Protein chains: 2
Amino acid sequence: MNNKNAVERIEYELTTFIRRAVYIDNSENKIGNLERASYLILRQLEEFGPARVKELAASFKLDISTLSRQTGTLEGKGLIERSSDPSDGRVSLFTITELGREKLKADKKMRLARYQNMLETWSSKEKELFGELLERMNEAFFD
Amino acid sequence: MNNKNAVERIEYELTTFIRRAVYIDNSENKIGNLERASYLILRQLEEFGPARVKELAASFKLDISTLSRQTGTLEGKGLIERSSDPSDGRVSLFTITELGREKLKADKKMRLARYQNMLETWSSKEKELFGELLERMNEAFFD
DNA sequence: TTATATATTTGTATTATACAAGCATATAGC
DNA sequence: GCTATATGCTTGTATAATACAAATATATAA
């Protein structure tokens with residue numbers, strides 16, 4: 001297979017995958033799970049610690065107003081907590097709460113189960129390699 | 001790396017990738033390109049031939065009414081063409097037009113260029129393997 | 001020939017989003 | 001120190017994609 005065909009296949013499969021994954025996300029958040037946006041916010045706060053609205057917006061490449069609303073919703077659900085930055089009164093810093101951690105953990109568990117299931121026939125070696133390639137692809141994903 | 005960690009990495013990277021890819025799609029369809037939905041519809045019609053609304057909806061797991069509108073829009077733009085099924089007057093069959101093929105080709109070219117760019121440092125072997133793994137993942141992606 | 005089922009379209013509500021306006025706070029120029 | 005400007009966030013408003021429900025046209029079955 002030449003280079004063009006390999007890249008074509010990658011593009012084809014990733015496009016297909018995105019459509020399916022978005023569908024799954026949308027149907028699952030109706031049965032009580034976190035939607036994509038919330039999952040990403042909680043994941044980021046847990047991984048990198050407190051963040052302000054602007055940072056989150058930049059991280060997900062969404063408008064600040066969108067993140068302002070999303071953080072407001074998560075705050076309302078008690079999944080994240082707002083505090084003010086002592087050095088700048090305009091800023092809201094958000095931290096994941098204990099409840100948020102629990103919800104994130106449960107949600108992640110479900111997501112992992114889906115992938116475990118999908119990839120159950122793969123060898124460990126294949127899974128490792130796939131993860132590694134995905135990570136490299138994302139590292140190169142600038143715009 | 002044990003199995004759980006490998007799958008965790010896969011889930012993490014794919015979730016990240018989806019967010020970025022959705023962003024790219026949304027920003028690019030504002031500068032005159034096809035949005036995801038149209039791209040998928042054209043791609044399917046070109047690959048598998050004429051299809052009816054119901055089939056397209058099932059294929060993308062979207063509501064029939066959504067596809068009815070999307071096909072209407074594409075028809076209005078001259079990218080697909082409606083014909084009636086001689087054996088069933090209720091059915092609309094859609095076929096990609098020449099203009100649709102051109103638009104699809106141009107759009108695909110752009111998408112491929114992005115991936116070519118992202119993966120330019122990869123060896124042919126890696127690209128082939130990555131495409132193969134993605135394909136296998138999608139084959140196992142049931143719901 | 002009428003009742004029921006199916007394919008599609010159209011009406012309506014919801015949701016995620018962006019952009020613009022407004023408000024509070026911070027920083028810079030004088 | 002005081003006013004002008006910049007920044008961070010929230011809130012108002014518009015748009016677009018979507019689902020669900022109602023309506024319409026056609027097909028199939030009783």
Side-chain angles (χ1 to χ4, degrees), chain A residues 18-41 45 50-77 80-95 143, chain B residues 18-42 50-77 80-95 143:
Chain A
I18 289 171
R19 174 60 214 135
R20 295 181 185 177
V22 166
Y23 162 72
I24 295 275
D25 271 358
N26 289 342
S27 29
E28 296 205 332
N29 79 37
K30 284 187 187 145
I31 53 173
N33 303 298
L34 294 171
E35 66 270 13
R36 245 187 335 287
S38 303
Y39 180 67
L40 286 169
I41 293 169
L45 292 180
R52 56 169 75 180
V53 170
K54 192 186 174 186
E55 270 177 291
L56 293 170
S59 170
F60 307 131
K61 306 232 188 203
L62 290 170
D63 197 80
I64 288 182
S65 65
T66 301
L67 264 292
S68 173
R69 286 178 165 105
Q70 288 174 347
T71 48
T73 304
L74 290 177
E75 189 190 7
K77 290 180 181 163
I80 65 177
E81 207 167 51
R82 184 192 301 262
S83 59
S84 41
D85 184 332
S87 73
D88 188 338
R90 293 168 302 181
V91 173
S92 278
L93 279 174
F94 290 98
T95 311
D143 41 330
Chain B
I18 289 170
R19 173 61 213 134
R20 293 183 186 177
V22 166
Y23 162 73
I24 296 276
D25 272 357
N26 290 341
S27 31
E28 295 205 332
N29 78 35
K30 285 189 187 142
I31 54 172
N33 301 298
L34 294 171
E35 66 270 13
R36 242 187 338 286
S38 303
Y39 180 67
L40 286 169
I41 292 168
L42 293 181
R52 56 169 73 182
V53 170
K54 192 186 173 187
E55 271 179 289
L56 294 171
S59 169
F60 307 132
K61 307 237 189 198
L62 290 171
D63 195 82
I64 289 182
S65 65
T66 301
L67 264 291
S68 174
R69 287 180 165 102
Q70 286 175 347
T71 49
T73 303
L74 289 177
E75 188 190 10
K77 289 181 182 167
I80 65 177
E81 206 166 52
R82 182 190 303 261
S83 59
S84 41
D85 183 334
S87 72
D88 188 339
R90 293 168 302 183
V91 173
S92 278
L93 279 174
F94 290 98
T95 312
D143 43 330

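The model shown is predicted, which means the values in this text are computed figures rather than measured ones. Proteins come first, then strands; the chains are lettered A, B, ... in the order of their sequence lines, and each starts at number 1.
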Peer 1: Provide, to the nearest angstrom, the distance between the CZ atom belonging to Arg52(B) and the P atom belonging to dT26(D).
Peer 2: 15 Å

Peer 1: Can you check whether Arg82(B) has a side-chain N or O nearer than 4.0 Å to OP1 or OP2 of dT9(C)?
Peer 2: yes

Peer 1: Rounded to whole Å, please give me the gap between CG in Asp63(A) and C1' in dG12(D).
Peer 2: 13 Å

Peer 1: Taking Arg90(A) for the side chain and Asp85(A) for the main chain, is one N or O donor matched with an acceptor at less than 3.5 Å?
Peer 2: no

Peer 1: Between atom CD1 in Ile64(A) and atom C1' in dT7(D), what is the gap in whole Å?
Peer 2: 9 Å

Peer 1: To the nearest Å, give me how far apart CG (Asp85(B)) and P (dT26(D)) are.
Peer 2: 13 Å

Peer 1: Between dT18(D), dG11(C), dC9(D), which one does the side chain of Ser65(B) approach most closely?
Peer 2: dG11(C)

Peer 1: Ignoring hydrogens and angles, tell me if any N or O in the side chain of Arg52(B) forms a donor-acceptor pair with the backbone of Leu93(B) under 3.5 Å.
Peer 2: no

Peer 1: Quick one: is Gln70(A) getting a side-chain N or O under 4.0 Å of the dT17(C) phosphate, OP1 or OP2?
Peer 2: yes

Peer 1: Which nucleotide, dT9(C), dA19(D), dT10(D), lies nearest any side-chain atom of Val53(A)?
Peer 2: dT10(D)

Peer 1: Rounded to the Å, how far apart are Arg90(A) CZ and dT5(D) C1'?
Peer 2: 12 Å

Peer 1: Arg69(A) CZ to dT13(D) P: how many Å, rounded?
Peer 2: 11 Å

Peer 1: Is the phosphate of dA18(C), meaning OP1 or OP2, less than 4.0 Å from a side-chain N or O of Thr66(A)?
Peer 2: yes

Peer 1: Hey, is the main chain of Glu55(B) close enough, under 3.5 Å, to the side chain of Ser59(B) for a donor-acceptor pair?
Peer 2: no

Peer 1: In this structure, how many angstroms lie between the C1' atom of dC9(D) and the CG atom of Asp88(A), rounded?
Peer 2: 11 Å

Peer 1: For the backbone of Ile64(A) and the side chain of Ser68(A), can you confirm whether one donor and one acceptor N or O come within less than 3.5 Å of each other?
Peer 2: no

Peer 1: Starting at CD of Glu55(A) and ending at C1' of dT7(D), how long is that distance when rounded to a whole Å?
Peer 2: 15 Å

